[in-house]
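Structure first, then comments.
Nothing here was measured: the structure is a model prediction, and the numbers come from that model. Quick note: residue numbers are just sequence positions, from 1.
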Amino acid sequence: MSLENNATESLPGKPEPTVDGDWNRVHPASPFVRGWVALAAVGFFFGRDAFERTLQGRDFVDPNLSGRAPWLLAGGAVVLLLTVGGFILSWYFTRYQVAEGYVRVNTGFLFKQQRQARLDRVQAIDIVQPLLARIFGLAELKFEVADAGESAVRLAYLPLDQAKQLRATILARAAGVVSGPETPAEVPEAPEHVVLSVPPSRLIGSLLLSEQTVGILLGAAVVVTTSVLFDNNAIFLALIPGILGIAASYWSSFNKGYNFTAAISPDGIRLRYGLLDTQAQTLPPGRIQALMVAQPPLWRIFGWYRIHVNVAGYGLAASTDGARTMLLPVGLKPEVLRMMSLVLPDPGVEDPERVFTAGLDGLGPVQPNTATSDGFTTTPRRARLLAPLGWRRNGFLATKTALLIRSGRWWHTLVVVPHQRTQSMALHQGPWARRFGVADLVLHTTAGPVSPRVFQADVEQAVELFDQQAARAREARKRQTSEQWLAQVAPQAPELAATLTEQPAQPAPPQTSPQQEDRHDG
């Protein structure tokens, strides 16, 4: 069985390839950290009755069970021994190896499984620390590979220092740093330079002023009005599950966004975040396929924005875990521009701050079929009935290195797609759009929260943009230099630029995925 040709599983009886690396075991506490829920369930099953009796002021042990107590204790001991024995066997048969250009993980003692990922396909390695793992000083490594729908390999758990060391070594090998007689087998973790951090007060404020809060307030107003009109207070009881769910959602957002820190290093943009469960991930800018800056209406009061990205290798995980694709949970405009400069070091314009500011907050002119002074081409006036509020805001601008797409009158968004990351395109035109002579241009990238789409552009301009963007994408892929991204932002961290020159790296292999160009009439 294969996982997108990048990670594989082997069943019993399948011969393992000859390898030249040592097989290592995970930390002995790993199965207990993974399976603490099973131990808690066993304790709950056998201790619930005694706990309830203690709260009621009765005997800790039911006197009627005196005759069956030895059998119950024996049964509990057997279950506990079987659980612990399963944990020990799970640990003993879990091994990992880095050799011959692969990272391999073997698991299982009855049903054996081997998962492996090619080092040259590794897109990112995240270090994850759930709360219990943090208590033991352990961490999990999650390996992301190209075109996978989920993490190709998960290695849990290792001591935190060992996990960082292994991650640095694998990333160095994946980048072409080959160990030799004069090069240590273990590569030290690359240095980093902190770019920004999000204060907790701003994070709390962003949650209180989020779209979710607006929806909650509107829903509460409807409930109160309904209760008053029908004189029925029972409706408030039905809201209890919803209130608990809302509280859990707020807590999850706060827990994941707490202590958010961004830094740059030779291997990419490093993000750290989390209150109870912490995570450290690295986003090589060359793997970021699209970027979206969003600003909800209430955030405009304080000038806050957030940034989402599509990352190659995250696949379907990007749709289920928004924290992993969050480049900035909440930040001011200078911080947004700083993060955008790391993803797109060369914006392709002489005054990037003015252009990006126009993309974040600008509005187009009243004159039809004209471009604003900052270069954005907007929806023609004749199509304003299709978007009464947003037609002046909707627009696009193609620079030498990326396509900028802005939209939303109340919810401002700016989408940036580097030309070389355009995988395919499609023109969409429904019956109403055909009536007003406009069309949408959709750019396809990897799966993620960003869906690049030029809304309601003039048909001729949309077709022209389609052809020009296809040509730009082809040319950009030929001269792609994203692997040397840090050299272009060296003034922000000059000590890191010198680090790159100390590690011999092989040139990145050329991209072979063909561009698909389709036009669809809806």
Review point. How are the rings of Trp304 and Trp299 set relative to one another: parallel (under 30°), tilted (30 to 60°) or perpendicular (over 60°)?
Key: perpendicular
Output yes when a side-chain donor or acceptor of [X] lies under 3.5 Å from a complementary backbone atom of [Y], and no otherwise.
X: Ser252; Y: Ala248; answer: no
X: Arg382; Y: Gly437; answer: yes
X: Thr261; Y: Arg272; answer: no
X: Arg300; Y: Trp410; answer: yes
X: Arg338; Y: Val195; answer: yes
X: Arg324; Y: Gln281; answer: no
X: Asp458; Y: Val438; answer: no
X: Ser197; Y: Asn259; answer: no
X: Thr399; Y: Pro347; answer: yes
X: Arg477; Y: Thr422; answer: yes

Practice item. Go through Glu335 and Tyr305 one step at a time and tell me if the side chain to side chain donor-acceptor pair (under 3.5 Å) criterion holds. Key: CA-CA 9 Å; Glu335 297 170 334; Tyr305 303 84; over 6 Å; no
Any non-hydrogen side-chain atom of [X] less than 4.5 Å from a side-chain atom of [Y]?
X: Ser210; Y: Thr213; result: yes
X: Trp411; Y: Pro297; result: yes
X: Leu209; Y: Phe302; result: yes
X: Leu328; Y: Leu196; result: yes
X: Gln295; Y: Val336; result: no
X: Leu155; Y: Phe143; result: yes
X: Pro449; Y: Asn310; result: yes
X: Asp361; Y: His412; result: yes

[X] to [Y] - nearest heavy-atom pair and separation:
X: Ala387; Y: Gln456; value: CB-OE1, 3.4 Å
X: Leu344; Y: Phe356; value: CD2-CZ, 4.4 Å
X: Arg134; Y: Thr278; value: NH1-CG2, 3.4 Å
X: Asn255; Y: Leu276; value: OD1-N, 2.9 Å
X: Ser424; Y: His444; value: OG-ND1, 2.6 Å
X: Leu271; Y: Ala262; value: CD2-CB, 3.8 Å

First locate atom [atom1] of [X], then atom [atom2] of [Y], and finally report the distance between them rounded to the nearest 0.5 Å.
X: Leu360; Y: Leu337; atom1: CG; atom2: CG; answer: 6.5 Å
X: Leu443; Y: Gln289; atom1: CG; atom2: CD; answer: 12.0 Å
X: Lys142; Y: Ile125; atom1: NZ; atom2: CD1; answer: 13.0 Å
X: Thr379; Y: Asp440; atom1: OG1; atom2: CG; answer: 8.5 Å
X: Ser206; Y: Phe254; atom1: OG; atom2: CZ; answer: 10.0 Å
X: Thr413; Y: Arg453; atom1: OG1; atom2: CZ; answer: 12.5 Å

Heavy atoms of other groups near [X] [atom1], more than 12 under 6.0 Å:
X: Gln468; atom1: CD; answer: yes
X: Phe436; atom1: CZ; answer: yes
X: Trp251; atom1: CH2; answer: yes

Exercise for review: Starting from the C-alpha separation in whole Å, work towards a yes-or-no answer on side chain to side chain donor-acceptor pair (under 3.5 Å) for Thr401 and Asp346.
Suggested key: CA-CA 7 Å; Thr401 57; Asp346 179 14; 5.1 Å; no
Check your understanding: Are Arg306 and Glu211 within salt-bridge range, i.e. N to O under 4.0 Å?
Key ->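 Salt bridge flag = yes for Glu211 with Arg306.
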Review point. Hey, is Arg472 close enough to Glu475 for a salt bridge, meaning N to O under 4.0 Å?
Key: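 No, this pair does not count.
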Point to revise | Trace of the side chain to side chain contact (heavy atoms under 4.5 Å, CB included) decision for Tyr250 with Ile216 | key: CA-CA 12 Å; Tyr250 275 110; Ile216 293 172; 3.6 Å; yes
Review point. Does the side chain of Gln212 pick up a donor-acceptor pair with the side chain of Ser249 at under 3.5 Å?
Key: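 There is such a pair (donor and acceptor under 3.5 Å, judged by atom type) between the side chains of Gln212 and Ser249.
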Exercise for review: Apply side chain to side chain contact (heavy atoms under 4.5 Å, CB included) to Val128 and Asp277, showing your working.
Suggested key: CA-CA 8 Å; Val128 183; Asp277 300 341; over 6 Å; no
Check your understanding: When Thr107 is tested against each of Arg115, Gln113, Arg154 for side-chain contact (heavy atoms from CB on, under 4.5 Å), which residue passes?
Key ->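 Only match with Thr107 under side-chain contact (heavy atoms from CB on, under 4.5 Å): Gln113.
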Practice item. Check step by step if side chain to side chain contact (heavy atoms under 4.5 Å, CB included) holds for Val450 and Thr445. Key: CA-CA 9 Å; Val450 185; Thr445 66; 5.9 Å; no
Practice item. Take Phe260 and Val330 through the test side chain to side chain contact (heavy atoms under 4.5 Å, CB included) and record every step on the way to the result. Key: CA-CA 10 Å; Phe260 184 94; Val330 54; over 6 Å; no
